[in-house]
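Report on the following structure.
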Amino acid sequence: MKKKIIPRSWAEPYRMKMVELLKTTTRAQRVNAIKKAGYNTFLLPSEDVYIDLLTDSGTNAMSDRQWSAMMLGDEAYAGSKSFERMEKAIRKFYGYKYIIPTHQGRGAENLLSQILIKKGQYVPGNMYFTTTRLHQELAGGIFADVIIDEAHDPKNLHPFKGNVDINKLDALVKKHGADKIAYITVATNVNMAGGQPVSMANLRELRTYTLQHGIKVIHDMTRVAENAWFIKQREEGYENKTVREIVLEICSLTDGATMSAKKDALVNIGGFMATNDYEVYEEARNLVVVYEGLHTYGGLAGRDMEAIAVGIKESVDDNHQRARVGQVEYLGERMKLYGIPIVEPIGGHGVFIDAKEFLPHVPQGQFPAQTLAAEIFIDSGVRTMERGIVSAGRKPNGENYHPNLELVRFTIPRRVYTQAHMDVVAESAARVFENRKKIKGMVMIYEPKYLRFFQARFEKL
Ligand code: P61
């Protein structure tokens, strides 16, 4: 008789020594809370939320090492030792030469956009990100999407849906000339596509192309270590490399970066801009004092920089990434068992429900993803985020964007929730799915000018 092979599971490479108690609410309380919040999960008080999957940004649990490093924070206005430690960690684990600290990712995007974009220039990128595109536009740039077509199709199983389509980039360069391209942004583990990775082969091909045309590659490295984990799992030749080695190789194929440390780097606040180009650094060091703070703290406390230095190191550990991405995959697989339509392959930082398929009777103009996020909250107190037509916002000429992806993002904070929490979340999504035919869309009754999804308000039809 053939011997049965017992499969081996991963488990979290940590244990808990402090917990935060959660509050549960009744359905009536939740109906009231979401109505008061204008059916926008960003406007809910966190007290009313049971399991908070709004974002993985700044919501990570820090380790005992990070907390103890915080006690060493050097809060000097100038020349802080904590900055030196953060700078050292960034150079060691990411390989960039010059570092400018910022209060978070968008602070770095602001500096970079102002420095590198001339009015009327194009800024190609592998799918838009809300704050990134806005800063590019505010600096006079025009965003151009050059991600592969597969990324816009929730069902397509391409293993690297974050890849840049070099032909699309080349068409843009041919049409306008390389001098009309400010730079190209490459995000690793593309957020809006569903946490989808870029392959090393694609990054290499892009490197060759951009060197030929004198175009800089700027890396949105917010989730670079998660991307590295997927390369290790999916790309030939990388199975025996460590996440740490892969991260360094990814960064080496780019000229500079913006980073929101609130994600991969396992902290609650912080970010930076990095560059290998001394002239860009000089300008950034000048500008940072206008918007963020001195070039040795950039809006951060010394203790925040200490936590980042330690968090970066923890983030490039293979066991950490296995558990992190493994938990996301677990939730996605549970949802699939219930027949819930999700973006596939399952991404790195969250599970994204395809709201168009979930609520086919709600047209995009009635905000299916916004509606679904509200319904899930009502069912269970699980907070998620709309990533569809509301998030996409308006073009500079005022027209609405109509993204093909109309998604609800269940984003998993790092090291925060357990598998049992994931079960509760999947069961809630399944319950709403069962009752989906009764769900009606919404109208927007208040629309802010910038990044409308944060504060927009809605009413039920
Ligand atoms: C998030 F609804 N992301 O995913 P900052 N690049 C990338 C990000 O994911 C990112 C930033 C730059 C957030 C927070 C957030 O539309 C939204 O540190 C790939 O947040 O400034 C942030 O970094 C900006 C949520 C941001 C949103 C914008 O939840």
Side-chain angles (χ1 to χ4, degrees), residues 40-44 46 52-60 101-113 123 125-138 143 147 151 162 185-198 218-227 256-274 291-292 298-300 304 308 311 328 347-352 369-370 373 383-394 401 403 405 407-414 416 448 450-456:
N40 184 345
T41 51
F42 278 103
L43 300 178
L44 285 167
S46 100
D52 201 348
L53 305 188
L54 182 72
T55 177
D56 63 331
S57 179
T59 51
N60 306 302
T102 59
H103 75 285
Q104 58 183 87
R106 69 198 73 178
E109 291 170 345
N110 174 34
L111 301 180
L112 185 97
S113 305
V123 194
N126 53 346
M127 202 170 264
Y128 86 101
F129 187 70
T130 54
T131 57
T132 320
R133 186 179 66 196
L134 179 59
H135 279 298
Q136 290 164 355
E137 287 171 358
L138 292 172
F143 171 78
I147 203 165
T185 308
V186 176
T188 32
N189 244 37
V190 180
N191 190 348
M192 300 303 279
Q196 302 294 328
V198 183
I218 299 298
H219 179 197
D220 181 341
M221 62 180 303
T222 297
R223 296 181 182 84
V224 64
E226 288 164 14
N227 197 121
T258 55
M259 169 70 157
S260 170
K262 302 172 74 174
K263 285 82 169 173
D264 237 20
L266 292 163
V267 291
N268 305 121
I269 192 70
F272 58 83
M273 188 192 125
Y291 294 101
E292 306 280 323
L300 295 172
D304 300 327
I308 292 172
V328 175
H349 65 305
V351 176
F352 292 65
Q370 188 79 33
R383 170 154 71 174
T384 60
M385 183 193 291
E386 192 265 8
R387 294 279 85 168
I389 189 166
V390 185
S391 295
R394 291 179 186 273
Y401 283 105
L405 297 177
L407 310 174
V408 178
R409 185 179 77 170
F410 292 64
T411 342
I412 321 277
R414 297 166 190 77
V416 172
Y450 296 121
L451 303 175
R452 65 182 182 186
F453 54 88
F454 282 131
Q455 288 146 341

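Whatever order the structure lists them in is the order used to number ligands and atoms, beginning at 1.
- Listed by number with element, the atoms of ligand 1 under 4.0 angstrom from any heavy atom of Glu109 are 6 (N), 12 (C).
- Of the listed residues (Thr102, Thr131, Leu451), the one carrying the non-hydrogen atom nearest atom 24 (C) of ligand 1 is Thr131.
- Looking only at heavy atoms of the protein, atom 5 (P) of ligand 1 is closest to Gln104 NE2, 3.2 Å.
- Between the side chains of Ser113 and Gln136, no donor-acceptor pair of N or O atoms lies under 3.5 Å.
- In this structure, Arg106 fails the cation-pi test against Phe129, since its NZ or CZ atom is not both closer than 6.0 Å to the six-membered ring centre and inside 45 degrees of the ring normal.
- The side-chain tip of Arg383 does not point at the ring of Phe410 from less than 6.0 angstrom away and within 45° of straight on.
- Under 4.0 angstrom from ligand 1, there are no non-hydrogen atoms of Met192.
- Each of Thr102, Val267, Ile308 was scored for a side-chain contact (heavy atoms from CB on, under 4.5 Å) with Leu300, with one residue passing: Ile308.
- At a 3.5 angstrom cut-off on N or O pairs, Gly105 counts as close to ligand 1.
- In this structure, atom 11 (C) of ligand 1 lies nearest to the protein heavy atom Phe129 CE2, 3.5 Å.
- Counting atoms of ligand 1 from 1 in the listed order, those under 4.0 Å from a heavy atom of Thr130 are 16 (O), 17 (C), 28 (C).
- Ranking protein heavy atoms by distance to atom 18 (O) of ligand 1, first place goes to Ser260 OG, 2.7 Å.
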inquiry  = I'd like to know whether Val186 forms a side-chain contact (heavy atoms from CB on, under 4.5 Å) with Ile218, so could you lay out the CA-CA distance, the side-chain angles of the two residues, the decisive distance to 0.1 Å, and finally the verdict.
reply    = CA-CA 6 Å; Val186 176; Ile218 299 298; over 6 Å; no
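- Near Arg106, meaning under 4.0 Å from any of its heavy atoms, are these atoms of ligand 1: 5 (P), 20 (O), 21 (O), 23 (O), 26 (C).
- Residue Phe42 approaches ligand 1 through these ligand atoms, each under 4.0 Å from one of its heavy atoms: 2 (F).
- Every atom of ligand 1 is numbered from 1 in the order shown, and the set under 4.0 Å from a heavy atom of Asp220 is 6 (N), 7 (C), 12 (C), 19 (C).
- The OG atom of Ser391 lies 4.0 Å from the CD atom of Glu386; values are rounded to the nearest 0.5 Å.
- The closest side-chain heavy-atom distance from Asn189 to Gln196 is not below 4.5 Å.
- Between atom 3 (N) of ligand 1 and the options Met221, Lys263, Arg133, the minimum heavy-atom separation is to Lys263.
- For ligand 1, the atoms closer than 4.0 angstrom to any heavy atom of Arg387 are 2 (F), 16 (O), 17 (C), 27 (C).
- Which parts of ligand 1 touch Thr55 is read off a 4.0 Å heavy-atom cut-off, strictly below it: atoms 1 (C), 29 (O).
- Between Arg409 and ligand 1, a contact under 3.5 Å exists for at least one N or O pair.
- A salt bridge does not link Glu109 with Arg133: none of the charged nitrogens is closer than 4.0 Å to a carboxylate oxygen.
- Interface of Arg223 with ligand 1, defined as ligand atoms under 4.0 Å from a residue heavy atom, comprises 1 (C), 4 (O), 8 (C), 9 (O), 19 (C).
- Using a 4.0 Å cut-off between charged nitrogen and carboxylate oxygen, Asp56 and Arg223 count as a salt-bridge pair.
- The aromatic rings of Tyr128 and Phe143 lie perpendicular to each other, with more than 60° between the two planes, well past the 30° mark.
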